[in-house]
There are 2 protein chains.
Amino acid sequence: MAATMKDIAKKTGLGLATISSYLNGGNVREKNRIKIEAAIEELHFEVNEVARGLKTNRTKTIGVILPELNIAFCTQIITEVEDLLRNQGYATIICDCRSNEKREEEAVEFLLHRRVDGLIIMPSGKHGSYLKKFISAGKPVVLIDRELEEIECDCVLVDNESAVKDAVEKLILAGHTRIGIIIGPSDIYTAKRRYTGYCMAMEQAGLAVEERLIVRGDYTIEGGAAAMKKLVNKNPDMTAVFVSNCEMTMGAIIEINELGIKIPEQLSFVGFDNLEFAKANIPKLSIVTQPTKEIAGQVFELLLERLEGTDKQKKSQTVKLKTGFIEGKSVNVSGRKEWSSIY
Amino acid sequence: MAATMKDIAKKTGLGLATISSYLNGGNVREKNRIKIEAAIEELHFEVNEVARGLKTNRTKTIGVILPELNIAFCTQIITEVEDLLRNQGYATIICDCRSNEKREEEAVEFLLHRRVDGLIIMPSGKHGSYLKKFISAGKPVVLIDRELEEIECDCVLVDNESAVKDAVEKLILAGHTRIGIIIGPSDIYTAKRRYTGYCMAMEQAGLAVEERLIVRGDYTIEGGAAAMKKLVNKNPDMTAVFVSNCEMTMGAIIEINELGIKIPEQLSFVGFDNLEFAKANIPKLSIVTQPTKEIAGQVFELLLERLEGTDKQKKSQTVKLKTGFIEGKSVNVSGRKEWSSIY
DNA sequence: TTGAAAGCGCTAACAA
DNA sequence: TTGTTAGCGCTTTCAA
């Protein structure tokens with residue numbers, strides 16, 4: 001059985017309050033400090049955070065709810081947030097919901113029972129009604145990568161419209177006019193914004209947004225491959241394509257290879273957020289990148305401010321970060337060449 | 001403030017023990033059950049797992065210590081284990097140690113304070129002395145992917161020797177004799193075993209294990225690229241290469257592309273455990289695969305048995321799983337062609 | 001600065 | 001089956 005504060009008190013002949021004070025950085029007489037330290041050493045005493053949590057009503061634990069732990073975007077952010085939090089003494093309980101809304105709701109419930117002090121969530125569903133219980137308990141919630149209409153809380157996003165708009169503009173500048181896009185499910189926040197970005201770029205360039213050039217995937221590798229296939233079948237005259245998420249970028253490339261289409265000679269390509277893969281591919285892919293480390297830093301800061309900051313009534317904020325762009329060799333700069341003419 | 005059992009007791013006029021019994025699946029008179037359920041509903045009561053944990057001395061929480069959360073092998077296992085554990089009511093606290101032994105030790109300490117019921121760890125360091133505290137507290141520890149000499153606990157591994165031996169044999173059967181290998185750091189368990197597998201295959205085929213054909217990387221993408229460069233520089237006559245982990249496989253491919261070497265015409269290639277990437281590459285890569293889902297299942301079962309099983313004194317076991325192999329197009333079947341003759 | 005004592009929300013032993 | 005009660009290990013008044 002592990003030693004308790006009581007044991008330390010007995011050993012040193014001091015009271016519990018003194019031990020507690022010592023453990024929490026209070027003032028203790030020098031000679032008592034020495035006695036306490038000796039006793040702690042001797043008895044291998046370790047604070048019981050569970051008991052402390054019960055008493056203080058703060059578990060120093062943060063719940064993290066993710067759609068998929070397997071998605072690089074998620075792990076990159078979480079690995080960083082976890083590190084920052086642990087440095088502050090917070091543990092993170094991660095729940096992977098397999099992009100399933102019901103599981104997400106269960107996870108919230110699960111974490112509520114555990115009395116986590118706060119929640120970081122990248123929601124799968126469109127409404128977040130089950131988060132209300134959390135918020136009304138006065139516990140901070142930080143949303144990553146999506147906004148939720150009914151929920152009033154802090155939020156860290158990237159500027160999805162601009163990201164896609166800029167990327168598509170690069171294709172337009174390279175002379176492309178028939179630019180396909182593989183976008184995500186219509187009910188997902190990021191997919192909507194990215195789609196908007198595409199439309200903005202096309203319209204500003206005086207190009208029509210044609211239905212046939214738009215195919216939806218489900219943000220998975222397989223979905224990206226299937227969408228690419230559809231896109232190619234429907235558009236023999238397409239000269240460029242933009243893929244709007246990391247997994248689908250990979251899937252699209254697999255399919256392009258399968259079909260024997262040459263990048264960039266037959267098709268110019270811009271992908272999303274899969275840096276290592278983009279570098280490893282032949283040719284290197286041009287991609288939009290997301291500032292995962294910065295996102296993590298912002299999430300951490302917003303959360304910590306709510307957890308330990310002074311101004312508890314602070315209005316909730318939304319932080320919007322800029323994306324990056326890595327130039328590869330997957331965009332044909334002339335771009336005038338018709339795919340069908342090579343085909 | 002959240003409702004407590006006391007509130008339910010007051011509301012229903014019942015005693016605490018009755019409520020507790022109800023909550024823990026004990027027998028309660030039908031009409032009391034109804035009263036309790038009504039009260040729970042009305043007061044939005046939720047069990048406080050923290051208090052329960054303090055009382056029962058079981059937190060229903062498992063600590064997970066990983067070298068890198070960003071490594072696909074780790075996330076694939078963890079996402080699965082987390083799911084299985086949560087279904088049993090266990091939360092998982094994940095600690096990413098950035099492959100740093102000191103951080104790993106800190107994580108053990110951190111989790112000890114949190115009174116986790118058990119530990120799943122993929123150790124970075126070679127000795128695990130800091131795990132002893134855990135084990136002597138009577139808490140189960142399950143090791144993934146490595147054995148630790150001084151530590152007596154359950155362990156789930158893959159058969160690294162055979163995995164590599166079989167892969168290298170395929171290269172030998174294809175006619176290759178000068179086969180390079182990129183292996184991991186000499187102090188890492190898996191690297192040692194994989195190296196042994198390479199040596200076994202070569203020796204059994206009557207081929208000399210030449211120092212110049214062996215380069216060490218650090219299990220990272222960059223390390224894989226650097227190692228590949230060295231290997232090529234030192235061995236203009238090498239016709240095939242085996243890369244012994246997932247990240248280095250990617251790095252090696254990046255470097256091979258950089259150098260303009262053609263797979264499989266100039267160099268046959270077998271990589272490790274990066275299925276999606278292997279499929280996306282041109283040509284598709286032949287790779288050794290690891291049964292991550294099975295590993296996760298075994299880890300879960302071993303842990304649960306210790307946690308809730310009857311035979312507490314059960315001797316610790318080591319489970320060794322078989323790896324797979326996916327045939328790609330990256331091995332030149334003739335193999336007799338000398339690289340230098342094309343070069 | 002220190003000690004005594006109450007109590008966080010729950011479980012479990014015992015009694016009824 | 002149910003109620004009473006002690007106590008898990010800690011923090012936090014309040015007094016000294």
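Hydrogens, waters and symmetry mates are skipped; everything else that's a heavy atom, side chains included, is used. Residue numbers begin at 1 in each chain, while the letters A, B, ... track the order of the sequences.
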Exercise. Do the side chains of B/Tyr219 and B/Glu247 get nearer than 4.5 Å, heavy atoms only?
Worked result: no
Exercise. In whole angstroms, how far is the P atom of C/dG3 from the OH atom of A/Tyr22?
Worked result: 16 Å
Problem set entry | Phosphate contact (C/dC10 OP1 or OP2) by B/Ser20 side-chain N/O below 4.0 Å | no
Problem set entry | Criterion side-chain contact (heavy atoms from CB on, under 4.5 Å) on B/Arg86 and B/Tyr90, from CA distance to verdict | CA-CA 5 Å; B/Arg86 184 142 45 90; B/Tyr90 286 87; over 6 Å; no
Problem set entry | Side chain proximity check, A/Leu303 to A/Leu307, heavy atoms < 4.5 angstrom | yes
Problem set entry | Donor/acceptor link under 3.5 angstrom from A/Lys55 side chain onto base of D/dG9 | no
Exercise. Under 4.0 Å between a side-chain N or O of B/Asn48 and OP1 or OP2 of C/dC10?
Worked result: no
Exercise. Looking only at side-chain N and O atoms, does A/Asn24 come under 4.0 Å of OP1 or OP2 in D/dT11?
Worked result: yes
Exercise. Which nucleotide in the set D/dT11, D/dG3, D/dC8 lies at the smallest distance from any side-chain heavy atom of A/Lys6?
Worked result: D/dC8
Exercise. Rounded to the Å, how far apart are B/Asn57 CG and C/dG9 C1'?
Worked result: 16 Å
For this session: Applying salt bridge (charged side-chain N to carboxylate O under 4.0 Å, His left out), run through B/Lys315 and B/Glu152 and close with a yes or a no.
Result: CA-CA 9 Å; B/Lys315 262 201 70 189; B/Glu152 162 88 4; 5.6 Å; no
For this session: Ignoring the backbone of A/Ala17, work out which of C/dA5, C/dG3, C/dC10 is nearest its side chain.
Result: C/dG3
Seminar exercise, completed: Among C/dG9, D/dT2, C/dA4, the one nearest any side-chain atom of B/Thr18 is D/dT2
Exercise. How close or far is atom C1' of D/dT11 from atom CG of A/Leu23, stated in whole angstroms?
Worked result: 11 Å
Problem set entry | Nucleotide nearest B/Leu54 (side chain, heavy atoms from C-beta), chosen from D/dT12, C/dG9, D/dT5 | C/dG9
Exercise. Atom CZ of B/Arg52 and atom C1' of D/dG9: how far apart are they, to the nearest Å?
Worked result: 19 Å
Exercise. What integer distance in Å separates B/Ile40:CD1 from C/dG9:P?
Worked result: 16 Å
Problem set entry | Nearest-nucleotide comparison on DNA chain D, the residue closer to the 5′ end among A/Glu46 and B/Leu14 | B/Leu14
Exercise. Under 4.0 Å between a side-chain N/O of B/Arg29 and OP1 or OP2 of D/dT2, yes or no?
Worked result: yes
Exercise. Taking atom P of C/dC10 as reference, at what distance in whole Å does atom NZ of B/Lys10 sit?
Worked result: 13 Å
Exercise. B/Ile19 CD1 to C/dT11 C1': how many Å, rounded?
Worked result: 13 Å
For this session: Check the distance between C/dC8's C1' and B/Leu16's CG and give it to me in whole angstrom.
Result: 14 Å
Exercise. For A/Val47, which contact category applies under a 4.0 Å heavy-atom criterion: base, sugar-phosphate, or nothing?
Worked result: sugar-phosphate
For this session: Using a 4.5 Å cut-off on heavy atoms from C-beta on, say whether the side chain of B/Pro67 contacts that of B/Cys97.
Result: no
